[in-house]
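Naming: A, B, ... by sequence-line order, numbering from 1 per chain.
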Amino acid sequence: MSNVTKPSNFIQQIIAADIDAGRVSTVVTRFPPEPNGYLHIGHAKSICVNFGLAEANGGQCNLRFDDTNPDTESDEFVKAIIQDVKWLGFQWGGEVRFASDYFAQLYAWAGHLVEQGKAFVCELDAETLREYRGTLTAGGKNSPYRDRPANENLVLLEHMKNGEIDEGLMTLRAKIDMQSPNINLRDPVLYRIKKQAHHRTGTQWNIYPSYDFAHGQEDAIEGVTHSVCTLEFAANRPLYNWFIDNLPVPSTPRQYEFGRLNVNYMVTSKRKLRALIEGGWVEGWDDPRMPTLSGMRRRGITAQALRNFCDSLAVAKTDGVVDVSQLEYFVRDDLNVRAQRAMCVLKPLKVILTNFADSETEILSVAGHPSLEHFKTRELPFTRELYIDRDDFSEDTTLSRKKFKRLVLGDYVRLRSAYVIRADHVKRNTAGDITEIRASIVPGTVGEDPPHGIKARGVIHWVSAAHARDCRVLRYDRLFTEPLPEAGVEPFTHHINPQSLEVIDGCKAEPSLGQAQVGEHYQFEREGYYCLDSRANKEGGLIFICTIGLRDTWQKSKT
RNA sequence: UGGGGCGUCGCCAAGUGGUUAAGGCAACGGGUUUUGAUCCCGUCAUUCGGAGGUUCGACUCCUCCCGCCCCAGCCA
């Protein structure tokens, strides 16, 4: 497995400089998800960056839920997110934290701003407020409520909090600058009325702080030193700093932004992931085609592979699109060293070995991994009737040995870990389809080269017909047909790949796979990496999910 | 047309005035191999969005231009 050396990055350089200059002693970062959806691969990068920065500098990273909007948030998401962060293998500092833990403090600070004449209760409705805000190129207008006396504001704010004011009638706004070229500074909303029960505070609050009013102060409360977020928050930074500068906060966190992770053939916006579920395009948040951590976990992608992938990415300010092949590389790289080898025939074609006794079962002892000794060996029964894959046989005797390294009529092939055999003739049904191959073994070729003059074209996998375990295989293709499904004018759902799921029944697995365990990874030799479907129950039979196929340079050159 | 940010190989990127312009993915050659896998070796930017300028010397500094992204939720 490759050792991933994290590239240095501009945030680490800032941290190093801050430590050198004595501006910070202990580095504190935080991962601040909103519990309104499941974590996806983009979050994985953010998690790796935030926890990684803390770890690299001997500090700590907090897990804090930014639960300031009860409309869309729920405990289900909190639980799923905690599970996902744990699964990735990170340990946060202290207890799990919540923005809602700080609602009282935030409210007190809002009062402080009011007293200082830096915030006011505004009665403009949403639409009028938008008009007053101005445009990108023209400044805005002051609210007519802007100069309301502080004591009046205080009373009104209390009314808002107590639920005495209807939703939408009032907001608490900061008094900054309606002419600012930065729209975020045009008297932003600090509190809005929401008579919506919160998953943690219940009906205690009728007003909820906005992201801007909450985030920096949460950081300050927790002593976060470096508040790392994605690029789209860069324009919010002046506002972040304005609150820190104008409030008696216990520390002075600083915000830094880096480019969010995009991967081609994927979408990573919670809105769109939800649309995929609600539109029935996938089966849920943990569908193996989803870029969610739960989906990738069910797919068989390991936490280590994901972390290696994230660590291979730079933390920079460019917003690029990483090729999915880079992820796939790390998935294979990790699975190669942790997957037990096994054989499973996906498209079975019967082979009868005419010179092998019908009554005999030869038990072959086979390594669990070609080069790593700690994998336990397994026992493979070899019998007269076997299955090989239909794609591994051809009647076309003109096929060159270089072009087709499999079984050809009249020629030899090595059965993986077993005998060299020769295909003698085929049997067909009335439709003309091949139903069975009659073949013969070359005696003494288990673990030995065949005699001079006999040369196997290649190595193919097989399984004893009498001992095979029937199973179902779920194979996935990319969910989208376009590398950038969100790029065009048409909705991204127009680019959904209708063949993203392939269900293959009647596959024949070697007997050892009957003992397959959820959480274990297997390489079906010459096919790919597979795992048991964690959602399937035992009554449904054996169901394997294909995490990813083996790298196949031959298929590529063929097309 | 306001403000903020970004443009280095097909993709991700290092580079912070003097390096032969790192590295990874992809691709393409070759070797090993009882997985067309893995592994190993090799090839892959005379050039850094463009044009000028400063300098003995520029991817790095200056000017202008071009392109892309973000901000006008009582979302985060």
Task: Euclidean distance, atom CZ of residue Arg457(A) to atom P of U34(B) [Å, nearest integer] - done: 18 Å

TODO: Answer with base, sugar-phosphate or nothing: what part of the nucleic acid does Val321(A) contact at a heavy-atom distance below 4.0 Å?
DONE: sugar-phosphate

Open item on the list: Could you check whether any side-chain N or O of Asn153(A) sits under 3.5 Å from a backbone N or O of Arg148(A), counting only pairs where one atom can act as donor and the other as acceptor?
Closed with: yes

- [ ] Indicate, yes or no, whether a donor-acceptor pair under 3.5 Å links the base of U35(B) to the side chain of Glu527(A).
- [x] no

Open item on the list: Using the side-chain heavy atoms of Ala126(A), tell me which of these nucleotides is nearest: C74(B), G3(B), A76(B).
Closed with: C74(B)

Task: Asn184(A), nearest nucleotide to its side chain (from C71(B), C69(B), A13(B)) - done: C71(B)

Open item on the list: Using modelled atom types and a 3.5 Å cut-off, is there a donor and acceptor pairing between side-chain atoms of Lys195(A) and backbone atoms of Ile165(A)?
Closed with: yes

TODO: Starting from C1' on A13(B), measure out to CG on Asn262(A) and report it in whole angstrom.
DONE: 15 Å

Open item on the list: Could you tell me how far U47(B) sits from G52(B) if I compare only their P atoms? Round to whole Å.
Closed with: 15 Å

Task: Among G3(B), U35(B), A14(B), the nucleotide that comes nearest once only the side chain of Ala316(A) is considered - done: A14(B)

TODO: Check every strand shown and say whether Lys270(A) touches a base, only sugar-phosphate, or nothing at a heavy-atom separation below 4.0 Å.
DONE: nothing

Task: Sugar-phosphate only, base, or nothing, as touched by Ser325(A) at under 4.0 Å among non-hydrogen atoms - done: sugar-phosphate

Open item on the list: Could you tell me how far apart Ile193(A) (CD1) and G73(B) (P) are, to the nearest whole angstrom?
Closed with: 19 Å

Open item on the list: Using the rule given for ring-ring contact (aromatic ring centres under 6.0 Å, His included), can you reason through Tyr265(A) versus Phe480(A), listing the C-alpha separation, both sets of side-chain angles and the distance that settles it, and then say yes or no?
Closed with: CA-CA 5 Å; Tyr265(A) 296 101; Phe480(A) 297 97; 8.6 Å; no

- [ ] Please say whether the positively charged group of Arg64(A), taken as NZ for Lys or CZ for Arg, lies over the ring of Phe98(A), i.e. under 6.0 angstrom from the six-membered ring centre and within 45 degrees of the axis.
- [x] no

- [ ] Grab the CG-P distance between Asp311(A) and C25(B) for me, whole Å please.
- [x] 15 Å

- [ ] Compare the minimum distances between each of C71(B), G5(B), G73(B) and the side chain of Arg133(A), then state the nucleotide with the smallest one.
- [x] G73(B)

Task: Check: Tyr191(A) ring centroid to Tyr208(A) ring centroid under 6.0 Å - done: no

TODO: Tell me which of Ala234(A) and Ile460(A) sits closer to the 5' end of RNA chain B, going by the nucleotide each one is nearest to.
DONE: Ala234(A)

TODO: In whole angstrom, give the distance that lies between atom OH of Tyr265(A) and atom C1' of A26(B).
DONE: 13 Å

TODO: Identify which one of Arg401(A), Arg406(A), Arg422(A) satisfies the salt bridge (charged side-chain N to carboxylate O under 4.0 Å, His left out) criterion when paired with Asp411(A).
DONE: Arg401(A)

TODO: Identify which nucleotide among U35(B), A72(B), C12(B) has an atom closest to any side-chain atom of Arg130(A), counting heavy atoms from C-beta outward.
DONE: A72(B)

TODO: In whole angstrom, give me the gap between the C1' atoms of U43(B) and G57(B).
DONE: 31 Å

Task: Proximal nucleotide (of U35(B), A26(B), G3(B)) relative to the Pro370(A) side chain - done: U35(B)

Task: Selection from C12(B), A72(B), G36(B) that lies nearest to any side-chain heavy atom of Phe404(A) - done: G36(B)

Task: side-chain N/O Gln326(A) vs G23(B) OP1/OP2, d < 4.0 Å - done: no

Open item on the list: What is the distance, to the nearest angstrom, from the CD atom on Gln255(A) to the C1' atom on G4(B)?
Closed with: 12 Å

Open item on the list: Distance criterion of 3.5 Å, no angle test: do you see the side chain of Arg341(A) paired donor-to-acceptor with the base of U35(B)?
Closed with: yes

Open item on the list: By the 4.0 Å heavy-atom rule, please label Glu328(A) as base, sugar-phosphate, or nothing.
Closed with: nothing

Open item on the list: Under 4.0 Å, heavy atoms only, any strand: does Lys317(A) hit a base, just the sugar-phosphate, or nothing?
Closed with: sugar-phosphate

Task: Sugar-phosphate, base or nothing in reach of Val324(A), heavy atoms under 4.0 Å - done: nothing

Open item on the list: Regarding Asp125(A), tell me which of base, sugar-phosphate or nothing describes its non-hydrogen contacts under 4.0 Å with the strands shown.
Closed with: base

TODO: Indicate, with a heavy-atom threshold strictly under 4.0 Å, whether Asn236(A) touches base, sugar-phosphate, or nothing.
DONE: base

Open item on the list: I'd like the C1' distance from G23(B) over to G3(B), given in whole Å.
Closed with: 36 Å

Open item on the list: Using the side-chain heavy atoms of Arg192(A), tell me which of these nucleotides is nearest: C6(B), C74(B), G4(B).
Closed with: C74(B)

Open item on the list: Can you check the distance between U60(B) and A51(B), where both ends of the measurement are the P atom (answer in whole Å)?
Closed with: 12 Å

TODO: Could you classify G31(B) for me, syn or anti, using a glycosidic angle within 90° of 0 as syn?
DONE: anti

- [ ] Round to a whole Å and report the spacing from CD1 of Ile183(A) to C1' of G2(B).
- [x] 8 Å

- [ ] Quick one: label Gly168(A) by what it contacts on the DNA or RNA (base, sugar-phosphate, nothing), any heavy atom closer than 4.0 Å.
- [x] base

- [ ] Report the nucleotide, chosen from A72(B), A26(B), A13(B), that has the shortest atom-to-atom distance to any side-chain atom of Arg551(A).
- [x] A26(B)

Open item on the list: With rounding to the closest Å, how many angstrom separate the P atoms on C48(B) and A27(B)?
Closed with: 28 Å

Task: Under-3.5 Å donor-acceptor pair between Arg526(A) side chain and U35(B) base - done: no

Open item on the list: If I compare all heavy atoms of Lys376(A) with all of Gln340(A), which pair ends up nearest, and what's the gap?
Closed with: O-NE2, 3.6 Å

Open item on the list: Taking the minimum atom-to-atom distance to the side chain of Phe233(A), which one of G4(B), A76(B), G36(B) wins?
Closed with: A76(B)

Open item on the list: I'd like the C1' distance from C44(B) over to C69(B), given in whole Å.
Closed with: 30 Å

Task: Nearest-Å distance once atom C1' is located in both G29(B) and C68(B) - done: 36 Å

